[in-house]
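Notes follow the structure.
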Amino acid sequence: MDIQVQSFAVTNLRRRPVVVETGGFVAGFTPGTDNPYLNYATPLPGAKPTEQDVAALIGIFRERGLLPRLEFAPQAAPAVAPALRAAGFGTEAVHAYLVCTPRTLTLPRSAGSPHVESPTTVHNSIGDVSGTSVQASDFSGDVGGTIVKSSHGTVHTGSGSVYNNSRHVSGDRYISGTGTTYTEGDHHGDVHQRFGEPARPQDDRR
């Protein structure tokens, strides 16, 4: 695990805008910032740096006005930490690995597709419309003008007829759908639609 983590650290630093390799170390720098998390070094797995190698690494940071800093997995290069401490380095933080294996993997209890419910009741109305307009729960056809769904208000259109809850052919226009309302012409008033469970019949009492 340590070798895998350290190999990734090396590969990651080699993608930085500026990369310098010296004495078994890879240093990655980001110009324009002194952020220590964007400017640091890491050893190659199994590296055994000498005192001169560590001094050269420190010089690479000093010439850029940066604090010498490393991130690495100590067990992937056991000789590195003692060499760094001998040069005056200290430990900033020690982090633990979080590892997930096939044996410890726990899947979510519900991994199925999300369930979407449709409302049992739909209300549609059209208001303040000038020209051709259509409202419907389900609509199919080729109509120019305005198509409105789930809107509320008073209907006001030009001259013509109003077709509510019907299948109608007007000229070259064929309109069909559940609860279709087609208005074309001069109409003033309210048009409402309601879709849902039909009311239960009541007993006739005479």
Side-chain angles (χ1 to χ4, degrees), residues 1-49 53-54 57 60-61 64 66-85 87 89-125 134-141 147-152 176-180 193-200:
M1 177 61 66
D2 295 281
I3 296 295
Q4 291 176 318
V5 171
Q6 189 56 37
S7 296
F8 172 79
V10 171
T11 301
N12 183 56
L13 274 184
R14 282 175 172 163
R15 298 192 183 109
R16 290 299 172 89
V18 177
V19 179
V20 179
E21 299 195 31
T22 180
F25 295 101
V26 176
F29 301 101
T30 302
T33 178
D34 60 356
N35 188 324
Y37 301 104
L38 298 177
N39 299 280
Y40 62 93
T42 197
L44 297 175
K48 297 179 180 180
D53 293 332
V54 176
L57 178 66
I60 291 172
F61 281 84
R64 290 172 171 80
L66 298 172
L67 176 69
R69 183 175 179 274
L70 294 91
E71 294 184 8
F72 64 101
Q75 297 305 316
V80 171
L84 294 176
R85 293 187 187 283
F89 282 82
T91 301
E92 179 183 272
V94 177
H95 301 285
Y97 298 140
L98 296 179
V99 180
C100 179
T101 66
R103 184 178 61 82
T104 61
L105 175 63
T106 301
L107 296 175
R109 292 184 177 180
S110 177
S113 301
H115 178 65
V116 179
E117 295 184 355
S118 300
T120 58
T121 302
V122 179
H123 301 277
N124 286 330
S125 62
V134 175
Q135 70 169 5
S137 173
D138 298 305
F139 172 75
S140 64
I147 297 177
V148 180
K149 291 186 178 183
S150 300
S151 182
H152 303 277
S176 64
T178 302
T180 301
Q193 291 180 336
R194 184 182 184 90
F195 303 90
E197 297 292 335
R200 294 183 178 180

task = Determine the minimum heavy-atom distance between R16 and N39, stating which atoms define it.
result = NH1-N, 4.1 Å
task = Measure the spacing between CZ of F72 and CG of L44 and express it to the nearest 0.5 Å.
result = 12.5 Å
Y97 atom OH, over 12 foreign heavy atoms within 6.0 Å = yes
query = Would a distance-only check, ignoring hydrogens and angles, find a side-chain to backbone donor-acceptor pair under 3.5 Å from Q6 to A73?
reply = yes
Side-chain heavy atoms of R14 within contact of E21, under 4.5 Å = yes
message = Checking the side chain of T42 only, and the main-chain atoms of A9 only, is there a donor and an acceptor separated by less than 3.5 Å?
response = no
Side chain to side chain, R85 and T91, heavy atoms closer than 4.5 Å = yes
note = In terms of heavy-atom contacts, V10 and P43 come closest through CG2-O, 3.6 Å
request  = Indicate the atoms forming the closest heavy-atom contact of A79 with A47, along with that distance.
outcome  = CB-O, 3.9 Å
request  = Specify the closest pair of heavy atoms between L38 and T33, including all atoms of both residues, with the distance to one decimal.
outcome  = CD1-CG2, 4.1 Å
query = I3 versus P45: any side-chain heavy-atom pair under 4.5 Å?
reply = yes
request  = For the residue pair V18 and P31, establish whether any side-chain heavy-atom pair is separated by less than 4.5 Å.
outcome  = yes
remark   = Heavy-atom closest pair (L84 atom, F25 atom, distance to 0.1 Å) is CD2-CZ, 4.5 Å
Audit row: Y40, L13, side-chain contact (heavy atoms from CB on, under 4.5 Å) steps and yes/no = CA-CA 8 Å; Y40 62 93; L13 274 184; 3.7 Å; yes
message = Whether the side chain of T11 engages the backbone of S7 through a donor-acceptor N/O pair (distance < 3.5 Å, no angle test) should be reported.
response = yes
key: Heavy-atom pair with the smallest gap, counting every atom of V20 and F29   = CG2-CE1, 4.2 Å
